[in-house]
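One is the number of the first residue; the rest follow in order along the sequence. The structure presented is a predicted model; accordingly, all values stated were derived computationally and were not measured.
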Amino acid sequence: MEEQKRTFDAERAALLVKDLRNNFRSGRTKSYEWRVAQLQSIWRMIDENEKMIVEALYEDLGKPELESFTAEITMLKSSSKEALEQLKRWMSPEKVKTSVSLYPSSAEIVSEPLGVVLVISTWNFPFLLSLDPVIGAIAAGNAVVLKPSELAPATSSVLAKLLEKYVDRSAITVVEGAVAETSALLEQKWDKIFFTGGGRVGRIVLTAAAKHLTPVVLELGGKCPAVVDSNVNIEVAVRRIIAGKWACNNGQACIGVDYIITTTDFAPKLIDALRNGLEEFFGKDPLESKDRSRIVNSFHFKRLVGLMDEDKVSDKIVLGGQRDESQLQMAPTILLNVPEDSLIMQEEIFGPLLPILTVSVFAFVS
């Protein structure tokens with residue numbers, strides 16, 4: 001494996017794709033039996049190695065065991081199970097009507113695999129977001145290359161070792177590494193690319209794919225506001241916000257609330273409810289809580305500190321703000337009425353900072 005990390009270049013990438021394409025063209029990945037065998041192997045791989053997976057996620061992100069189990073392991077088992085239960089239906093031809101001008105013809109839609117697929121994964125849910133698209137690609141009858149994120153090295157290593165042991169290596173393989181390895185892979189012609197990550201790298205992926213007219217799925221992030229009106233059930237709303245924002249990988253999730261919009265009059269009540277809810281979830285000292293993940297690395301920690309400590313933002317903190325760089329821990333932090341031109345409002349936060357913006361009233365247009 002270490003040799004592969006040192007020497008994987010465009011030439012080796014081209015040979016890998018050539019071998020996978022030859023195996024795909026042999027027809028072995030298209031059969032129902034092959035697909036079922038691989039999906040069953042992935043389910044068994046997850047079930048038999050839960051402890052190893054949890055330990056890797058803790059090493060990479062400090063993920064609590066419960067979060068690792070519910071947000072990654074259980075969801076992947078569910079995906080595998082659904083694919084196994086639905087596979088025959090997905091593979092069955094679908095009858096469709098034909099024009100009267102073609103009478104007495106008949107027609108049907110037959111789903112065919114695209115060929116050789118590249119999955120480039122991300123670091124925030126490194127097990128789930130690596131294997132979930134792989135499960136879909138296998139169910140569709142494709143050969144697959146998985147490139148896990150180098151920012152979650154322990155999980156990347158576990159994925160490489162386990163997939164090599166459990167699945168058909170002639171059609172499903174893992175390439176570990178960083179920018180050089182990803183660049184070598186992107187130079188090749190793929191039949192589909194599935195990328196999860198940020199917009200900057202997404203543009204690089206899409207540019208590389210365009211040279212070969214390769215179809216691409218980009219699962220990217222963005223600003224994700226929650227509008228909280230004064231007539232909501234505030235306890236339910238607060239628990240949902242906390243669960244999605246801070247209990248879910250400490251804000252490092254694209255489904256987390258990026259900022260809140262509420263009314264000026266309601267904001268104090270909402271902040272008090274969030275304060276109480278956060279204490280209920282994580283205790284009086286959230287930096288000591290064992291129920292939150294840490295920030296992935298020092299680069300992202302310093303990025304978040306920069307957003308919080310910007311001159312026109314630092315005095316807007318109304319809750320939290322504590323940080324411990326040595327442990328890569330940052331407390332849930334709420335900021336009130338940060339300027340709209342501040343850095344924190346210009347990019348996806350992807351961390352435990354939550355701005356609240358206020359308006360005088362909500363005007364809903366029907």
Side-chain angles (χ1 to χ4, degrees), residues 1-6 8 12-13 16 19-20 23 28-29 33-84 87 116-178 181-182 185 194-196 249 293 296:
M1 187 62 66
E2 291 299 317
E3 179 66 16
Q4 183 192 51
K5 289 181 180 179
R6 288 194 299 270
F8 192 88
R12 286 198 62 184
L16 173 62
D19 288 343
L20 290 172
N23 284 320
R28 65 182 298 155
T29 68
E33 291 75 18
W34 182 89
R35 303 185 204 192
V36 166
Q38 305 314 305
L39 293 170
Q40 289 174 335
S41 293
I42 288 178
W43 194 97
R44 193 172 70 254
M45 176 187 81
I46 299 166
D47 189 60
E48 293 174 357
N49 296 279
E50 287 183 1
K51 185 174 184 292
M52 184 189 300
I53 296 163
V54 167
E55 289 174 349
L57 291 169
Y58 184 82
E59 183 176 341
D60 285 331
L61 289 154
K63 275 198 179 184
E65 183 174 355
L66 179 61
E67 182 182 345
S68 294
F69 187 77
T70 56
E72 305 224 30
I73 292 171
T74 300
M75 292 183 70
L76 276 171
K77 282 187 171 182
S78 178
S79 291
S80 300
K81 182 180 179 182
E82 181 183 18
L84 285 164
L87 187 57
V116 183
V117 174
L118 173 63
V119 175
I120 304 175
S121 186
T122 190
W123 54 263
N124 59 329
F125 293 88
F127 202 71
L128 171 68
L129 296 180
S130 291
L131 286 183
D132 213 30
V134 169
I135 288 169
I138 291 170
N142 297 287
V144 191
V145 172
L146 169 63
K147 168 59 184 66
S149 173
E150 69 276 14
L151 299 186
T155 306
S156 176
S157 178
V158 166
L159 283 164
K161 291 174 182 176
L162 293 182
L163 285 170
E164 184 178 28
K165 176 181 177 182
Y166 280 86
V167 299
D168 181 357
R169 289 178 291 169
S170 70
I172 305 164
T173 190
V174 177
V175 173
E176 291 192 272
E181 290 77 10
T182 304
L185 290 168
F194 192 108
F195 170 77
T196 304
N249 206 26
S293 302
V296 63

By side-chain hydrogen bond (donor to acceptor under 3.5 Å, both in side chains) - contacts of [X] (at least two apart):
X: Tyr166; result: Glu48, Asn49
X: Ser80; result: none
X: Glu55; result: Lys51
X: Ser170; result: Asp168

What are the two closest heavy atoms between Ala71 and Leu128, and how far apart are they?
O-CD2, 3.3 Å
If you take all heavy atoms of Asn124 and Lys63, which pair is closest and at what distance?
O-NZ, 3.1 Å
Residues two or more places apart in sequence or in another chain: which of them pass salt bridge (charged side-chain N to carboxylate O under 4.0 Å, His left out) with Glu65?
none
Holding to salt bridge (charged side-chain N to carboxylate O under 4.0 Å, His left out), I want the full list of residues that pass it with Glu50, two or more places apart in sequence or in another chain.
Lys77
Just grab all the salt bridge (charged side-chain N to carboxylate O under 4.0 Å, His left out) pairs involving residues 117-143, residues at least two apart or on different chains.
none
Selection residues 141-153 - residue pairs positive for salt bridge (charged side-chain N to carboxylate O under 4.0 Å, His left out), sequence neighbours left out
Lys147-Glu150
Can you sort out the partners of [X] under side-chain contact (heavy atoms from CB on, under 4.5 Å), two or more places apart, ordered by chain and number?
X: Ser130; value: Ser121, Leu146, Pro148, Leu159
X: Arg169; value: Glu164
X: Ala152; value: Asp60, Trp123, Pro126, Thr155
X: Leu87; value: Tyr32, Arg35, Val36, Leu39, Trp90, Met91, Ala139

